[in-house]
Visitor: 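Supplied in structure tokens, the structure appears directly below.
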Amino acid sequence: MFSLTPTMKYYLYSHPTDMRRSFYTLSGMVTNLMGRNVQDGDVYIFVNRSLTGMKLLHMECGGLVIYHMKLESGTFKLPFFDPNTNTFQASWHDLMTMVRNVSQDENSDKKRWEKPPKTPVK
């Protein structure tokens, strides 16, 4: 079962990440750069340099799961954190704010891609 809940711990890696990285490379980053254990069941958040792609790495009961989100337009708004650290402990609220692409300062939604309406078949 794929699930993320508000009771889990979330950690944002504070440096840009190459979105071509997958399970082993991201779990190595969690261990070596973030100083955490990927098997603890916490959720690790990675974003790319342009803030248009996000990956979440999470250990489920059956193994590692990656959630990947790529924005069609706009950028993720990250929470404020100390850039001298490798890890920022985020909350469920921080993650939802980043995913919804809502600016924490302006509290306004950025333009998002919408599915075009279906045209009737004649």
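Position 1 is the first residue of the sequence; numbering continues from there. Predicted model, so just to flag it, every value in this text is computed and none were measured.
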Visitor: As an exercise, state the distance from CE of Met8 to CG of Leu56, rounded to the nearest 0.5 Å.
Guide: 11.0 Å
Visitor: Begin from the C-alpha positions of Met34 and Met29 and carry the test side-chain contact (heavy atoms from CB on, under 4.5 Å) through to its verdict.
Guide: CA-CA 6 Å; Met34 298 174 77; Met29 290 175 64; 5.6 Å; no
Visitor: Quick one: closest heavy-atom pair of Phe23 and Ile66, and the distance?
Guide: CE2-CG1, 3.5 Å
Visitor: Anything under 3.5 Å between a donor and an acceptor, one on a side chain of residues 41-49, the other on a protein residue two or more places apart or in another chain? List them.
Guide:
unit_1, atom_1, unit_2, atom_2, d
Asp42, OD2, Arg36, NH2, 3.3
Tyr44, OH, Asn37, O, 3.2
Asn48, OD1, Leu51, N, 3.0
Asn48, OD1, Thr52, N, 2.9
Asn48, OD1, Gly53, N, 3.0
Asn48, ND2, Ser50, OG, 3.4
Asn48, ND2, Thr52, OG1, 3.2

Visitor: Give the C-alpha distance, both sets of side-chain angles, the deciding distance and a yes or no for side-chain contact (heavy atoms from CB on, under 4.5 Å) between Leu4 and Tyr67.
Guide: CA-CA 10 Å; Leu4 299 176; Tyr67 300 91; 4.0 Å; yes
Visitor: Check for me, please, whether Met69 and Trp92 land in the same ILVMFWY cluster - side-chain distances under 4.5 Å, paths through other members count.
Guide: yes
Visitor: Show every side chain to side chain donor-acceptor pair (under 3.5 Å) that has at least one partner inside residues 20-31, sequence neighbours left out.
Guide: Asp18-Arg20
Visitor: Nearest 0.5 Å, what's the NZ-CG distance between Lys55 and Leu26?
Guide: 6.0 Å
Visitor: Looking only at heavy atoms, what is the nearest atom pair of Val65 and Glu60, with distance?
Guide: CG2-CG, 3.3 Å
Visitor: Nearest heavy-atom pair of Met59 and Val38: which atoms, and what distance?
Guide: CB-O, 3.4 Å
Visitor: Output, in order, the C-alpha distance, side-chain angles, deciding distance and verdict of side-chain contact (heavy atoms from CB on, under 4.5 Å) for Met54 and Lys70.
Guide: CA-CA 7 Å; Met54 176 186 292; Lys70 175 77 171 132; over 6 Å; no
Visitor: side-chain contact (heavy atoms from CB on, under 4.5 Å), that's the test. Do Gln89 and Tyr10 meet it? Break it down for me.
Guide: CA-CA 6 Å; Gln89 184 166 358; Tyr10 296 84; over 6 Å; no
Visitor: Can you establish whether the number of heavy atoms outside His93 located under 6.0 Å from its atom NE2 is more than 12?
Guide: no
Visitor: Hey, could you give me the OH/CG distance between Tyr11 and Asp40, rounded to the nearest 0.5 Å?
Guide: 8.0 Å
Visitor: How would you list, by chain and number, every residue that makes a side chain to side chain contact (heavy atoms under 4.5 Å, CB included) with Thr7, sequence neighbours excluded?
Guide: Thr5
